[in-house]
There are 2 protein chains.
Amino acid sequence: MRYDRAVTELGRRERKKLQTRQSIADAALELFLARGFDDVGVKEIADRADVSVTTLFKHFPSKESLLFDEDEQQEAELVGAVRNRPAGQSIPRALRDHFVRMSYGHVDHPLFGAFNRLVQETPALRTYEHKMWMRHQEGLARAIAEEVGVPADDVRCVALARFALESRDVIFGREDREQAADEVFGLLEHGWAADQQS
Amino acid sequence: MRYDRAVTELGRRERKKLQTRQSIADAALELFLARGFDDVGVKEIADRADVSVTTLFKHFPSKESLLFDEDEQQEAELVGAVRNRPAGQSIPRALRDHFVRMSYGHVDHPLFGAFNRLVQETPALRTYEHKMWMRHQEGLARAIAEEVGVPADDVRCVALARFALESRDVIFGREDREQAADEVFGLLEHGWAADQQS
DNA sequence: CTTCAAAAGTTGAGTGGTTGCACTTTTGTA
DNA sequence: TACAAAAGTGCAACCACTCAACTTTTGAAG
């Protein structure tokens, strides 16, 4: 047994598998961008990627998933933003900064704009992406709880994690994202009563 | 034209329509409770209600919707809780009270427990119900904004509405709902920084 | 009471995503 | 070289949902 190569280099077999997966994803992206999510059938995507429909569904669990890949990275960044925040900075503030940073990223990539437009325009894709994003709630809540020194299922931590994640769509839908982020996370940090008389 | 009866008494025709609708909903509820949402097909429900599948889908837009009816009422109560809150009470506090009140309701109804269990156990139903619940965001946000005297799309109001609605699932999943409501809405009212050193 | 049009309902065929099964091909390793 | 696991294929089927064409019911105007 030669684990050495198998582990590090991923072997010809796995490479081919990834390659198949990639060509399916590529075909899907092209077609969806060109004609819209609902006007392209799985069959057509499979044909263009030169695989059978059955094979397509062995690589992806659903039509929507063709457009997104796993993102351990996003959760890691979220958790990192909380864990490695500057000394003395509050957790909501750290999350606010992270979101603002996020909103600037990828601005350059040409496909990114069209991709985002496609997702926002297609209800099925919006809800799918939102669901994926919300899966980070548990991980984020745990990070916050550890940071504060309370049990992982502390209600306030869970709530803060959920609210922070939910606020993304609120903020990204606004013209001035930076100011929106200030107001929304200000609400989480200092509360509603802070600068409201009623 | 005799509007008088048509408007108030609803006419034989509409009555029959409602009756058909009701028998479909009844059939669905019975079957779902007995064997679970995923193990009952629409065909079987239509058969038991003695209508065709096509007719079923003329009354309900989807399989999930067979279990829920329209709820203008819930939104009205939500808005009412904000609008008619005791003088001097904050909006988050009013919402907290409303949620606590909600969590006590329906405890007596025998079917209600089984129904809730079914919904919680079935992912498709959970997400459907959550989506319905979240449709009240806009109405609630508008009520809050009017109450405070700012434009209806004010970010803080939208965010507060969203967070409040989202917090329902967080709170209802806890043992001590009342305390959970205190903590979560306390976060919204007084902020994270208020009683947290970091 | 008849007539007429709208609405409810039916039937049956079809679409599109998704799964299961039985089979062949490829590929890593003993 | 041989073998077993894994990848891929083709086909049939299931299920939620839609469409088009047709029949039945029903409310109300003449």
Side-chain angles (χ1 to χ4, degrees), chain A residues 1-25 27-28 31-32 35-68 122-125 127-128 131, chain B residues 1-25 27-28 31-32 35-68 122-125 127-128 131:
Chain A
M1 286 188 269
R2 302 190 309 185
Y3 284 129
D4 45 356
R5 208 189 54 157
V7 173
T8 56
E9 246 193 41
L10 218 53
R12 186 178 313 163
R13 198 190 200 123
E14 330 265 324
R15 232 180 305 132
K16 265 216 156 173
K17 186 173 181 179
L18 281 186
Q19 197 174 318
T20 306
R21 184 191 157 87
Q22 192 58 44
S23 56
I24 296 172
L31 288 172
F32 286 154
R35 312 214 315 269
F37 183 75
D38 295 316
D39 288 346
V40 178
V42 208
K43 176 76 164 35
E44 192 178 351
I45 297 169
D47 284 349
R48 175 181 268 237
D50 208 41
V51 296
S52 70
V53 177
T54 313
T55 302
L56 183 152
F57 277 108
K58 241 170 219 159
H59 286 271
F60 298 90
S62 70
K63 188 184 177 188
E64 291 85 24
S65 69
L66 289 166
L67 278 167
F68 305 93
T122 314
L125 292 177
T127 67
Y128 184 84
K131 200 172 283 186
Chain B
M1 284 187 268
R2 304 188 310 187
Y3 284 127
D4 45 356
R5 211 190 52 157
V7 172
T8 55
E9 248 193 41
L10 219 53
R12 187 179 313 161
R13 197 187 200 129
E14 331 266 323
R15 233 181 305 132
K16 264 216 157 171
K17 185 172 182 184
L18 281 186
Q19 199 174 316
T20 307
R21 184 192 158 89
Q22 193 58 44
S23 57
I24 295 172
L31 288 172
F32 286 154
R35 312 214 315 270
F37 184 75
D38 295 316
D39 287 347
V40 178
V42 258
K43 176 74 166 37
E44 192 178 351
I45 297 169
D47 283 350
R48 173 181 271 237
D50 207 41
V51 296
S52 70
V53 177
T54 314
T55 301
L56 184 152
F57 279 109
K58 239 171 220 159
H59 286 271
F60 299 89
S62 69
K63 187 183 177 188
E64 291 85 17
S65 68
L66 289 166
L67 279 167
F68 304 93
T122 314
L125 292 178
T127 68
Y128 184 84
K131 200 173 284 186

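Numbered from 1 within each chain, the chains take letters A, B, ... in sequence-line order. Only a predicted model underlies this, so the values are computations on that prediction, with no experimental measurement involved.
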Response to the item:
Protein heavy-atom contacts under 4.0 Å, written 5' to 3' over nucleotides 11-23 of chain C as B (base), S (sugar-phosphate only) or - (none), form the string BB----SBBB---
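Using a 4.0 Å cut-off, no side-chain N or O of B:H59 falls inside it from OP1 or OP2 of C:dA8. B:T20 has a side-chain polar atom (N or O) that falls below the 4.0 Å cut-off from OP1 or OP2 of C:dG9.
Looking at residues two or more places apart in sequence or on another chain, you find a side-chain hydrogen bond (donor to acceptor under 3.5 Å, both in side chains) between B:S52 and B:T55. Judged as a side-chain hydrogen bond (donor to acceptor under 3.5 Å, both in side chains), and not counting sequence neighbours, the contacts of A:D47 are A:K43. A search for side-chain hydrogen bond (donor to acceptor under 3.5 Å, both in side chains) contacts involving A:S65 returns nothing, not counting sequence neighbours. With sequence neighbours excluded, the residues satisfying ring pair (Phe, Tyr, Trp, His ring centres under 6.0 Å) with B:Y128 are B:F68. Residues that satisfy the side-chain hydrogen bond (donor to acceptor under 3.5 Å, both in side chains) test with B:S23, not counting sequence neighbours, are absent from this structure.
Regarding A:D47, its CG atom lies at a distance of 13 Å from the C1' atom of D:dT9, rounded to whole Å. One can place CG of B:L56 at 13 Å from C1' of D:dT18, the figure rounded to the nearest angstrom. Nucleotide D:dA16 holds its P atom 15 Å from the OH atom of B:Y128, rounded to whole Å. When rounded to the nearest whole Å, the span between CD of B:E44 and P of D:dA16 equals 10 Å.
Across all strands, B:D50 comes closer than 4.0 Å only to sugar-phosphate atoms, never to a base (heavy-atom distances).
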Discussion item. Quick one, A:T127 with B:K131, criterion side chain to side chain contact (heavy atoms under 4.5 Å, CB included). Give me CA distance, side-chain angles, the key distance, then yes/no.
Written reply: CA-CA 10 Å; A:T127 67; B:K131 200 173 284 186; 3.4 Å; yes
